[in-house]
There are 2 protein chains.
Amino acid sequence: MKPKKRTTIYDIAQKLNVTPSSVSRALNNSNYVNEATKKLILKTAEELNYKRNTMASNLRKGHSKTIGVVVPRINQNFFSNVIAGIEDATYKQGYNLIICQSNESYEKEVQSVNTLINQHVDCIVISVSIESNDHKHLQNVLDQNIQLIQFDRVADELETLKVINDNEQASFEAVDHIIEQGYKRIALLEGPQNLDIFRQRKKGYLNALAKHNIPVVNELIIENTWTKELGAKATRQLLSLPEPPDAIFASTSDFSALGVLEVATAMNIKVPSQLGICGYSNEAFTELTSPSITTIDQFSFYMGKTVANLYFQELENSDTIVVPKIISIKPKLIVRSSTMKKKR
Amino acid sequence: MKPKKRTTIYDIAQKLNVTPSSVSRALNNSNYVNEATKKLILKTAEELNYKRNTMASNLRKGHSKTIGVVVPRINQNFFSNVIAGIEDATYKQGYNLIICQSNESYEKEVQSVNTLINQHVDCIVISVSIESNDHKHLQNVLDQNIQLIQFDRVADELETLKVINDNEQASFEAVDHIIEQGYKRIALLEGPQNLDIFRQRKKGYLNALAKHNIPVVNELIIENTWTKELGAKATRQLLSLPEPPDAIFASTSDFSALGVLEVATAMNIKVPSQLGICGYSNEAFTELTSPSITTIDQFSFYMGKTVANLYFQELENSDTIVVPKIISIKPKLIVRSSTMKKKR
DNA sequence: TTTGAATATGCAATCGATTGTTGAAATTTA
DNA sequence: TAAATTTCAACAATCGATTGCATATTCAAA
């Protein structure tokens with residue numbers, strides 16, 4: 001790299017024999033500069049290929065116009081869509097995005113949050129990792145006076161802005177639909193119960209069973225099955241039961257639903273006639289499997305936009321008191337072949 | 001938001017009756033501080049919940065330890081994987097990532113690049129948008145003395161570091177495989193020829209035809225078909241030809257290959273026996289369609305890591321001359337059902 | 001022509017951290 | 001004990017941009 005120095009407002013000031021203040025004012029389109037000199041400054045800035053040093057500017061102004069995002073995995077459909085949504089909204093406001101992934105590791109999550117604090121981001125948007133049980137690092141964000149918005153996987157006990165899906169309702173509707181289709185013994189693949197979203201989904205499942213007076217069978221509920229492999233393993237276990245289920249609701253993810261489907265296919269069990277399957281997330285592939293998989297769409301891109309806009313809205317009202325606010329987005333059940341027991 | 005001020009090195013200095021310089025030295029683990037005072041400073045920093053202001057630090061040091069990434073779409077499998085790979089490598093080096101998406105728009109790409117320059121990122125990693133024909137904005141990056149690394153979709157004429165796939169070779173192997181399977185009339189869905197990657201893929205296609213003495217038929221080559229819809233449209237066009245193709249190589253993406261498959265299925269044309277299909281990118285869904293789709297894996301995550309490591313490597317050798325370097329990653333043909341005409 | 005207001009510009013402090021230089025104190029060596 | 005050396009900390013400048021305050025200039029109103 002050549003050691004060429006970048007042009008600063010001082011260079012411009014020197015060349016035009018004015019002070020840096022005037023240059024700054026011209027560049028910021030302030031009224032306290034003569035129109036003629038403003039034009040001149042702007043022209044020379046262009047000529048010298050001047051680029052504002054955002055670091056210096058932000059340091060002085062005391063904010064960074066940057067939002068930090070921490071997600072478990074960038075390359076997971078749901079999250080990359082949320083990020084795309086956030087980016088879409090923040091870009092329009094001239095904000096930047098710093099992205100971190102926790103890889104579902106608590107340690108990396110804490111480190112990422114600390115980096116973002118050091119970077120003086122104006123807001124941290126986070127969906128916590130599976131491993132996260134305590135929230136000292138998030139409390140720290142609040143203590144540092146940084147806006148914190150949690151989405152999807154939220155630490156319930158922490159009073160922050162939150163954007164979530166109505167998991168309970170969606171889960172209820174899914175199981176209700178499954179029952180309506182005539183399935184009687186419905187298994188649940190559930191996620192780690194330290195995360196609220198999975199507790200809610202379980203609640204929805206239980207509510208639906210209750211509504212139809214179907215007893216809860218504990219051996220039909222299997223915990224921690226949020227990958228394809230775990231879903232497959234759980235399915236083998238379930239199907240070898242004396243009284244196996246006739247439907248499986250993979251409330252954790254479409255990936256585990258895929259595991260279910262693959263095992264069923266391998267065991268020559270017909271879906272949906274012998275076994276109903278429902279996933280969660282509406283991953284692109286659920287439409288493409290045979291049979292296609294019934295699932296729940298979370299409106300991820302929209303969720304991202306909502307998160308970002310929530311921040312900007314709070315920013316405007318920053319003079320008034322901050323109320324812990326929760327925005328709940330109602331997900332949509334997408335009925336596909338894998339649960340269509342009744343012919344239409 | 002409460003207007004609480006964050007603690008700075010001055011606060012620490014004042015409390016301990018030392019100078020900020022000493023605090024800074026202690027915090028940076030310099031040797032020019034007494035062990036005892038260093039410990040004391042570190043302890044008080046902890047107590048006051050001190051967080052370094054990276055903006056100030058970076059301003060002084062003249063770099064940002066940040067890498068800017070510009071991709072067409074964050075939520076596209078290939079790109080989100082590359083980003084994940086970059087993140088993985090940069091995180092280990094204590095670097096941050098600022099992510100921008102161009103949405104395939106030239107204008108937004110230029111704006112994104114400018115923002116990154118203003119942010120004084122140390123390096124810009126970019127995969128240009130479909131729309132990008134000129135590269136003034138990239139030249140500008142170079143002029144500002146910022147390292148520039150292009151990947152996948154690169155502006156060939158610009159002498160920068162590049163990480164690419166050997167598209168020509170991969171494309172050649174795919175078409176070669178298709179021919180070996182017994183297909184005779186092979187159509188090509190090609191991408192915008194202003195992008196080098198698509199030109200290379202076409203070259204590979206032509207080379208494979210030449211190898212097997214198959215004449216090139218112009219009406220079998222259809223340009224600009226990089227979405228599912230465009231792929232479907234092109235397929236309808238191709239299949240209504242007096243002499244329709246018996247195989248279609250969707251060199252643009254798996255999405256267009258999916259469009260081909262859907263049209264074929266709708267028209268009751270058997271894949272692979274009547275029509276062979278090959279996509280590009282190894283999107284997750286290609287494994288799940290029926291039949292599964294033959295495609296080309298680009299090792300996207302690995303590509304991201306390569307990009308990041310290339311930067312760090314160049315950083316180490318920054319005293320020596322910078323040579324425009326091109327790293328080519330050989331993609332891998334993944335043969336699946338959609339081209340398996342020959343029974344095994 | 002004098003006064004007052006409006007406009008334009010300069011000065012200097014500031015944001016928070018880093019670092020080269022300098023000098024005092026402590027330690028070692030002769 | 002004196003001289004030489006090392007250790008430690010203070011001082012002050014710096015990174016680049018912003019902004020409150022003060023001052024100078026211009027112009028209109030009285």
Side-chain angles (χ1 to χ4, degrees), chain A residues 3-42 44-45 48-66 115 117-122 144-146, chain B residues 3-42 44-45 48-66 117-122 144-145:
Chain A
K4 203 175 53 179
K5 247 187 101 266
R6 289 159 72 155
T7 71
T8 70
I9 53 168
Y10 296 93
D11 300 325
I12 301 176
Q14 196 166 34
K15 180 157 185 191
L16 296 179
N17 239 333
V18 293
T19 53
S21 348
S22 297
V23 177
S24 173
R25 292 200 175 95
L27 256 20
N28 287 298
N29 203 21
S30 148
N31 287 326
Y32 299 95
V33 208
N34 185 290
E35 269 305 315
T37 47
K38 186 189 281 185
K39 281 223 179 77
L40 190 61
I41 289 172
L42 258 30
T44 355
L48 297 179
N49 200 8
Y50 167 80
K51 303 273 172 186
R52 165 189 277 118
N53 184 331
T54 317
M55 287 190 304
S57 170
N58 288 342
L59 173 61
R60 179 60 227 256
K61 292 204 191 141
H63 64 238
S64 62
K65 280 210 152 198
T66 298
T115 313
I117 294 177
N118 290 353
Q119 286 283 342
H120 272 231
V121 294
D122 296 342
Q144 295 288 336
N145 213 16
I146 297 174
Chain B
K4 206 176 53 184
K5 249 187 99 265
R6 289 159 75 155
T7 69
T8 69
I9 54 170
Y10 295 93
D11 301 324
I12 301 176
Q14 196 166 33
K15 180 160 186 187
L16 296 180
N17 238 335
V18 293
T19 53
S21 351
S22 297
V23 177
S24 173
R25 294 209 167 86
L27 257 20
N28 286 300
N29 204 19
S30 149
N31 288 325
Y32 299 93
V33 208
N34 186 291
E35 270 304 316
T37 47
K38 186 189 282 187
K39 281 224 180 72
L40 190 61
I41 288 172
L42 258 28
T44 3
L48 298 179
N49 199 11
Y50 168 80
K51 304 272 171 186
R52 167 189 276 118
N53 184 331
T54 317
M55 286 189 305
S57 169
N58 288 343
L59 173 61
R60 179 61 228 255
K61 291 205 190 139
H63 64 239
S64 62
K65 278 208 155 202
T66 297
I117 293 177
N118 289 351
Q119 287 284 342
H120 272 231
V121 296
D122 295 342
Q144 294 288 337
N145 214 16

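These figures come from a predicted structure and were not determined experimentally. Just the heavy atoms: all of them, side chains too, but no hydrogens, waters or symmetry mates, feed the values below. Letters A, B, ... are given to chains in the order of the sequence lines, protein chains preceding strands, and every chain is numbered from 1.
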Please step through side-chain hydrogen bond (donor to acceptor under 3.5 Å, both in side chains) for the pair N145(B) and K5(A), ending with a clear verdict. CA-CA 8 Å; N145(B) 214 16; K5(A) 247 187 101 266; over 6 Å; no
Bend of the helix from dT1(C)-dA30(D) to dA30(C)-dT1(D) from end-axis comparison, five pairs per end, nearest 10°, comes to 50°
Check every strand shown and say whether V18(B) touches a base, only sugar-phosphate, or nothing at a heavy-atom separation below 4.0 Å.
sugar-phosphate
task: Would you classify N17(B) as touching base, sugar-phosphate or nothing, given that sugar-phosphate means primed atoms plus P, OP1 and OP2, and contacts are heavy atoms under 4.0 Å?
output: sugar-phosphate
Does N53(B) place a side-chain N or O at less than 4.0 Å from the phosphate oxygens OP1/OP2 of dC15(C)? no
Is any side-chain nitrogen or oxygen of N34(A) closer than 4.0 Å to OP1 or OP2 of dA8(C)?
yes
With heavy atoms under 4.0 Å as the rule, sort T8(B) into base, sugar-phosphate or nothing.
-> sugar-phosphate
For a quick check of understanding: with a heavy-atom distance under 4.0 Å over all strands, which category does N58(B) fall into, base, sugar-phosphate or nothing?
nothing
Describe the nucleic acid contact of S57(B) in one word from base, sugar-phosphate, nothing, applying a heavy-atom distance below 4.0 Å. sugar-phosphate
Of the candidates dC21(D), dT19(C), dA17(D), the side chain of S24(B) sits closest to dT19(C)
> Does T37(B) make a side-chain N or O approach to OP1 or OP2 of dA9(D) shorter than 4.0 Å?
Replying inline: yes
- Is any side-chain nitrogen or oxygen of R52(B) closer than 4.0 Å to OP1 or OP2 of dT18(C)? yes
Base, sugar-phosphate alone, or nothing: which one does N31(A) contact when heavy atoms must sit under 4.0 Å apart?
sugar-phosphate
Among the nucleotides dG16(D), dG20(D), dC11(C), whichever has the atom closest to the side chain of S21(A) is dC11(C)
(request) Report yes if a side-chain nitrogen or oxygen of Y10(B) is closer than 4.0 Å to either non-bridging phosphate oxygen (OP1 or OP2) of dT18(C); otherwise report no. (result) no
| query | Quick one: is dA17(D) close enough that its OP1 or OP2 comes under 4.0 Å of any side-chain N or O from Y50(A)? | reply | yes
Regarding the side chain of S22(A), the nearest nucleotide among dG16(C), dG10(C), dA10(D) is dG10(C)
Closest to the side chain of Y32(B), out of dG16(D), dT18(C), dC8(D), is dC8(D)
